[in-house]
Amino acid sequence: MKCRVCGAQANIRLPQYNSALCAGDFIAFFEKRVSGTITKYGLLSEQDRALVAVSGGKDSLSLWHLLDRLGFSADGIYIDLGIKEYSHISLVKTRQMADRLHRRLYSFSFSEAFSKGVKELARMMKRPPCSLCGTIKRYVMNRACTDYGYSVLATGHNLDDEASALLGNMLHWKEEYLWKKGVVLEAERGLAKKVKPFFLCSEKEAAAYALLNNIDYIYDECPYSLGAKTLLYKSLLNRVEDVSPATKIAFLKGYLKRAKAEGSRGQEQEEKGSCSVCGYPSYGEQCNFCRLMTKFGSGPAVRFDVYVPSEP
Ligand code: AMP
Ligand code: FES
Ligand code: ZN
C-alpha cells in the first residue's frame, strides 16, 4: 500500500476517500480538511477567542492541538466529574496539552462544587448520571465562555458521534432534537457560539492524528457516558461503512443541507425567556441548572480553577 501523495509506504488507509497516506501526508490532509470545514461553515475567524472543551480524550486534545497549529487563539476548559482515577488521569492529560501549547486551562470540579462526584450527585437527584452530567457540562462550559469573554466554544464531537446520535434520533423520531444537531450553533442571547470542527472527521482519523502527533490521551471512555444503544448504532454504521465506504459522511452532509432549512424554521417558533436566578436562556422561570441547584440546596456559584502554564 503506497501513499497516494508521495508514493512512500502508507501508514493509514482511508477507504472513505479512496486513499491511503503516509504519516506526514495524513497530518497535512487532516489539517486541511478541518481547516476546510472551519472556513466552509464559518466556525471560527482570526478575531475569535475560542475555548476548547477538553475531556482528555483523543478527539478534544487533537482538536486543541490542531486549532493551535492553524493559528487560532484557543484556551481549554476541563470538567472534572469526580470519577476517581478516570477524572484524575483526564486532568493530567489536559494539563499536559496546556503545557505543550502554553495555553490556559480552566477547570470546574464536581467534587468542589457539590462535595460529590457525578455518580453520587445523580443518585441523590434521582437522575441518570449522564443526563445530569450533560445539563451541568453544557451550563458550565457556557458560563466559562461568558464569564471570561470567549466568543466560541469548540467541542471534539466527531463523525461517528454525530452519525450515531442522528440515527438514534431518526429511529425514534425525536423531532424535538432532530434538527438541532449541527456543525455550528450560532450565539444567542446568553449563549456562546458552539462549533464542532471534527463533525466530518471519523473517530479513526482523530485517533491517528493524536497518535502521529504524540498526543497522550486517555483511552478509556467515561464509565457512564455511552449507553448500549449508542454503541450499537456506532457498530451498525461501521458495518454499513465497511461495505459501502463514505456512507457516514454522505449521511451527515445530507443532514446538514436539510437542517439548514428546518433549523431556521424551528428557531422562529421558539421563544425562550431568561432564568430569574442567573439570566441563562430558559423555558421555565429557572434554567435547568438553577432548578437543579435549588433542589440540591445551594446557590448557583460556579467557580473555575485557572491553570496558567509557565512561559516557554
Ligand atoms: P462525549 O459526549 O463524551 O462524546 O464528548 C464530546 C465532546 O464534549 C468532547 O470531544 C469534548 O469536547 C467535550 N467534553 C466531554 N466531556 C468533557 C469534560 N469532562 N470536560 C470538558 N469537555 C468535555
Ligand atoms: Fe456524562 Fe460521563 S457522566 S460523560
Ligand atoms: Zn439559571
Side-chain angles (χ1 to χ4, degrees), residues 50-64 66-67 74-84 86-91 93-95 97-98 105-110 117-123 127-146 152-162 164-165 181 190-191 194-199 201 203 206-207 210 217-218 220-227 230-231 234 272-294 299-302 304:
L51 198 57
V52 184
V54 277
S55 62
K58 62 185 184 317
D59 305 300
S60 51
L61 289 182
S62 291
L63 176 62
W64 198 7
L66 195 153
L67 291 182
D75 291 324
I77 169 140
Y78 169 66
I79 300 193
D80 184 331
L81 303 167
I83 308 173
K84 300 197 172 76
Y86 169 79
S87 293
H88 176 70
I89 298 172
S90 304
L91 175 65
K93 310 286 182 195
T94 54
R95 281 218 174 156
M97 186 53 82
L105 178 69
Y106 298 87
S107 56
F108 172 87
S109 155
F110 269 56
V118 64
K119 188 179 171 200
E120 295 75 27
L121 188 66
R123 195 181 300 136
R127 296 245 321 248
C130 208
S131 130
L132 179 93
C133 152
T135 303
I136 298 178
K137 274 199 305 206
R138 274 190 300 277
Y139 183 89
V140 166
M141 287 173 187
N142 189 68
R143 269 291 286 272
C145 288
T146 52
V152 183
L153 177 75
T155 56
H157 291 94
N158 62 39
L159 177 74
D160 298 74
D161 298 329
E162 296 298 311
S164 63
K181 295 206 131 297
L191 294 176
K194 299 193 180 67
V195 302
K196 297 172 185 168
F198 284 1
F199 195 89
C201 303
E203 209 163 280
Y217 62 88
I218 182 160
D220 299 328
E221 300 275 353
C222 165
Y224 316 116
S225 71
L226 286 183
T230 309
L231 291 176
K234 280 194 177 178
K272 280 187 217 157
S274 300
C275 170
S276 60
V277 181
C278 73
Y280 189 78
S282 163
Y283 290 106
E285 201 226 321
Q286 285 187 14
C287 70
N288 286 341
F289 180 81
C290 288
R291 242 180 296 153
L292 205 108
M293 298 312 310
T294 309
V302 177
F304 295 96

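Both counts, for ligands and for their atoms, begin at 1 and track the order of listing.
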- Task: Find the distance between CH2 (Trp64) and CG (Leu51) and round it off to the nearest 0.5 Å.
- Result: 8.5 Å
- Query: So, for Tyr280 and Phe289, is the gap between ring centers shorter than 6.0 Å?
  - Reply: no
- Item | Neighbouring protein N, O or S atoms of atom 1 (Fe) of ligand 2 [cut-off: under 2.8 Å, no waters] | Cys130 SG, Cys133 SG
- Report yes or no: does Glu162 contribute a side-chain atom to a donor-acceptor pair with the main-chain N or O of Leu159 at less than 3.5 Å? no
Please work out whether any backbone atom (N, CA, C, O) or any side-chain heavy atom from C-beta onward of [X] is under 4.0 Å from ligand 1, and answer side chain, backbone, both or neither.
| X | answer |
| --- | --- |
| Glu221 | neither |
| Leu63 | neither |
| Ile77 | backbone |

- Any N/O of Ile79 closer than 3.5 Å to an N/O of ligand 1? yes
- Query: ligand 1 and Ala154, any nitrogen or oxygen pair closer than 3.5 angstrom?
  - Reply: no
- Vertex the Zn ion (ligand 3), rays to SG in Cys278 and SG in Cys290 - rounded to 10°: 110°
- Query: Where the Zn ion (ligand 3) is the corner point, what angle links SG of Cys275 with SG of Cys287, to 10°?
  - Reply: 110°
Any donor-acceptor N or O pair under 3.5 Å, side chains [X], [Y]:
| X | Y | value |
| --- | --- | --- |
| Thr135 | Arg127 | yes |
| Ser60 | Ser55 | yes |
| Ser276 | Gln286 | no |

- Task: Kindly write out the residues that satisfy salt bridge (charged side-chain N to carboxylate O under 4.0 Å, His left out) with Asp59, not counting sequence neighbours, or none if the list is empty.
- Result: none
- Query: Heavy-atom distance to atom 22 (N) of ligand 1: which of Glu162, Met141, Lys137, Lys58 wins?
  - Reply: Met141
- Query: At a 4.0 Å threshold, what atoms of ligand 1 neighbour a non-hydrogen atom of Ser60?
  - Reply: 10 (O), 11 (C), 12 (O)
- Item | Test: Glu203 and Lys234 ion pair at under 4.0 Å | yes
- Chi angles and distances behind the salt bridge (charged side-chain N to carboxylate O under 4.0 Å, His left out) call for Asp161, Lys196: CA-CA 11 Å; Asp161 298 329; Lys196 297 172 185 168; over 6 Å; no
- Using the ring of each side chain (for Trp, its six-membered ring), is Phe304 parallel, tilted or perpendicular to Tyr106, with breaks at 30° and 60°? perpendicular
